[in-house]
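Residue numbering restarts at 1 for every chain, and letters A, B, ... go by the order of the sequence lines.
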Amino acid sequence: VGGPSRSSRTYLVVAAAASFTASAGFFAATTIAIPLRGSTVLVVVWCLLCAGAVGVVAWRFGPLFGVPLAVTAALAIDSFYIAPYRAFDSHDWVNYPVTAMYIAIGVFVGAILEATRRRAVLSEIAAQAAQRRIVEAGNQARRRIERNLHDGVQQRLVSLALRARRSERRLPAEQQPVKALLSETVEELNAITEEVREIAQGIHPAILTQGGLAPALRSLARGCSIPVEVRAADDSRMPEPVEAAAYYVAAEALANVVKHAEASGAWLETSRQDSCVRVKIRDDGVGGADASSGSGLTGLRDRVEALGGSLAIRSPLGEGTEIDVTLPVAERAEASG
Amino acid sequence: MPIRCLIVDDSSRYARDAQELLEEEGIHVVAVAANGEEGLRLARDLRPDLALVDIDLGGESGLDVARQLSPGEAGSLASVVILVSTHAEEQFAELIAASPAAGFIAKSELSADAIEALLSRPPRTRRLI
């Protein structure tokens, strides 16, 4: 949102600075540098410095800034030769192409540096896209496993339990030992179904697919062994990778709270801000959490950063832990999701 | 007069077993549908007393199907909708509460007794089973 206007402001500031530098260069050239006039080596050094300055500006702010500065620098250098108190002679004409050449080298070097910088930025974008694809592939694999468990094993187990129940009922009363065995079988099948259901839910919670982030977080909080207060004002759906990342961060953070924080309660808050979603998880435990010490939070940071988001942890000793995650909600995905 | 029931479930194996179980227990299963569209069509034709709808119908949501089956007093295609699932009720508690369904029964606990117990409760407490 702030991109173009910030860029315009930067341009104005740099253009003003360039004009100031050019004016300073003009005065330097016409006063301090007068003694240099006779020395070809110093003129060359002067031109190289100008070319370098142009190159640095072109590299830092792009050719857009480098070229105007090159022009002003050319005027400054030129003024050194055509200063009113110096006679204009044929020797100076030789310096025009030389000066132009140095400026061209400056702009050329700036353009190369700029191109290198852009390539680095592009490769960073490509790396992030690859990381995002890996995260999305992971999500899809989790969803697929959950689906396979739900549609296959779980349905077969509940069907089997219903059949065992029917078989038990059909047996006459005198077959009591067999009836008892079948009853135990039904109980065991139901226990296995429950176990598989918990495994499937851990892999990918169905509520996240069906209801979205807010109901999934509320469900997560209900299943937590310490009281968790959820504040999720916005129930609108977001792209699946964003919902999944936000959910897994909250799930991992709450698991850490239960395991390590010795907290009496936790707070989970989500909010939408412009094109971002923010998730905050806070507890009143012992603090001192360290995301770099191989905890599950390291993986979550990777997951969040793959989506172009950020994860901040504040965990002073004795003051609880606060994890603050911001994830961009891509418009492309939002339109389809 | 037995309860006339429609089963909407994408798992043909479970739907068949549920049908046989309920029939044995005195509930008349008038039809079985594998998806929401078929369920709505059959409900429109058969006007069942009860629709048992799986929450997770593969690509579609049983909660949406429940809303379409029972959009309001006048336009309801089934007198009562009960949601079933292999998922835990706690996980879907708020979505079930927000749906027009009378309640939820875990697939493994489905029986005529469970249905009657749920229907005999006052509407507000049905969802607390």
Side-chain angles (χ1 to χ4, degrees), chain A residues 143 146-170 185-212 214-224 230 232 235 237 247, chain B residues 7 9-27 29 32 34-36 52-67 83-99 104-115:
Chain A
R143 264 207 321 274
E146 190 271 331
R147 292 280 356 136
N148 289 345
L149 284 174
H150 176 265
D151 296 344
V153 179
Q154 283 176 285
Q155 302 295 339
R156 293 177 85 140
L157 282 170
V158 288
S159 288
L160 209 55
L162 293 193
R163 283 186 200 182
R165 247 166 59 197
R166 285 169 59 208
S167 308
E168 181 200 346
R169 207 167 39 212
R170 282 182 187 181
T185 306
V186 170
E187 277 175 31
E188 191 60 22
L189 280 171
N190 286 344
I192 298 170
T193 308
E194 180 65 17
E195 243 174 74
V196 175
R197 188 186 60 68
E198 277 176 19
I199 292 169
Q201 192 183 332
I203 292 169
H204 184 86
I207 181 73
L208 190 61
T209 312
Q210 287 253 359
L217 290 180
R218 286 192 281 265
S219 170
L220 181 72
R222 278 195 298 274
C224 197
V230 181
D235 275 13
R237 298 301 302 263
Y247 178 86
Chain B
I7 295 176
D9 200 310
D10 63 327
S11 166
S12 56
R13 183 194 299 268
Y14 181 80
R16 191 182 60 235
D17 283 319
Q19 178 178 12
E20 286 170 4
L21 175 95
L22 294 177
E23 296 274 5
E24 279 175 15
E25 294 181 347
I27 289 179
V29 177
V32 172
N35 55 53
L52 288 178
V53 181
D54 186 4
I55 287 183
D56 197 336
L57 285 169
E60 59 184 328
S61 165
L63 295 155
D64 290 340
V65 176
R67 273 187 282 276
L83 292 162
V84 296
S85 181
T86 55
H87 297 304
E89 184 180 9
E90 309 90 75
Q91 207 188 145
F92 283 90
E94 67 177 273
L95 299 185
I96 295 168
S99 81
F104 173 90
I105 296 174
K107 277 191 175 183
S108 56
E109 288 163 21
L110 183 69
S111 68
D113 285 349
I115 291 171

Report task. Considering non-hydrogen atoms only, spot the tightest contact between B/Ala93 and A/Arg222 and give its length. Result ->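 Heavy-atom minimum between the residues: CB-NH2, 4.1 Å.
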Report task. Please report the closest heavy-atom contact between B/Gly58 and A/Arg147, naming both atoms and the distance. Result ->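 Minimum heavy-atom contact is CA-NH2, 3.9 Å.
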With only heavy atoms counted, which part of [X] is less than 4.5 Å from chain A, the side chain, the backbone, both or neither?
{"X": "B/Ser108", "answer": "both"}
{"X": "B/Ala88", "answer": "both"}
{"X": "B/Leu95", "answer": "side chain"}
{"X": "B/Glu109", "answer": "backbone"}
{"X": "B/Gln91", "answer": "both"}

Requested in this report: Measure A/Gln201 against the heavy atoms of chain B and call it side chain, backbone, both or neither at under 4.5 Å.
Outcome: side chain
Report task. Would you mind checking which part of A/Arg165 comes under 4.5 Å of any heavy atom in chain B, side chain (CB onward), backbone (N, CA, C, O), both or neither? Result ->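 The side chain, not the backbone.
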Query raised in the report: If you tally heavy-atom pairs under 4.5 Å against chain B, which of A/Ala206, A/Ala161, A/Ala200, A/Pro205 wins?
Result: A/Ala206
Requested in this report: Using side chain to side chain contact (heavy atoms under 4.5 Å, CB included) as the criterion, list what pairs up with B/Ala18, not counting sequence neighbours.
Outcome: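 Here the qualifying residues are A/Leu162, B/Ile7, B/Tyr14, B/Leu110.
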Query raised in the report: Is atom CD of B/Glu24 surrounded by more than 12 heavy atoms (other residues, nucleotides or ligands) closer than 6.0 Å?
Result: yes
Query raised in the report: Does CD in A/Glu188 sit with more than 12 non-hydrogen atoms of other residues, nucleotides or ligands closer than 6.0 Å?
Result: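 Result for CD/A/Glu188: open.
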Query - Any donor-acceptor N/O pair, A/Gln210 side chain to B/Leu63 backbone, under 3.5 Å - result: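 Checking the backbone N and O of B/Leu63 against the side chain of A/Gln210, no donor-acceptor pair under 3.5 Å is found.
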Query raised in the report: Would a distance-only check, ignoring hydrogens and angles, find a side-chain to backbone donor-acceptor pair under 3.5 Å from A/Gln155 to B/Arg13?
Result: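 No.
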Requested in this report: Could you please spell out the steps behind the side chain to side chain contact (heavy atoms under 4.5 Å, CB included) verdict for B/Asp17 and A/Arg166?
Outcome: CA-CA 9 Å; B/Asp17 283 319; A/Arg166 285 169 59 208; 3.9 Å; yes
Query raised in the report: Of the listed residues (B/Ala106, B/Ser61, B/Gly62), which shares the most heavy-atom pairs with chain A below a 4.5 Å separation?
Result: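 Option with the top pair count is B/Ser61.
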Report task. Report the distance from atom CD of B/Glu94 to atom OG of A/Ser219, rounding to the nearest 0.5 Å. Result -> 8.0 Å
Query raised in the report: Say you draw a straight line from CG of B/Asp56 to OG1 of A/Thr209; how long is it, rounded to the nearest 0.5 Å?
Result: 8.0 Å
Report summary line: Sorted by chain and number, sequence neighbours left out, salt bridge (Lys or Arg N to Asp or Glu O under 4.0 Å) with A/Glu187 holds for none
**Report entry** Side chain proximity check, A/Arg169 to B/Glu25, heavy atoms < 4.5 angstrom
**Finding:**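 Touching, per the 4.5 Å side-chain cut-off.
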Query raised in the report: Under the side chain to side chain contact (heavy atoms under 4.5 Å, CB included) criterion, do B/Lys107 and A/Gln154 qualify, and how do the steps go?
Result: CA-CA 10 Å; B/Lys107 277 191 175 183; A/Gln154 283 176 285; over 6 Å; no
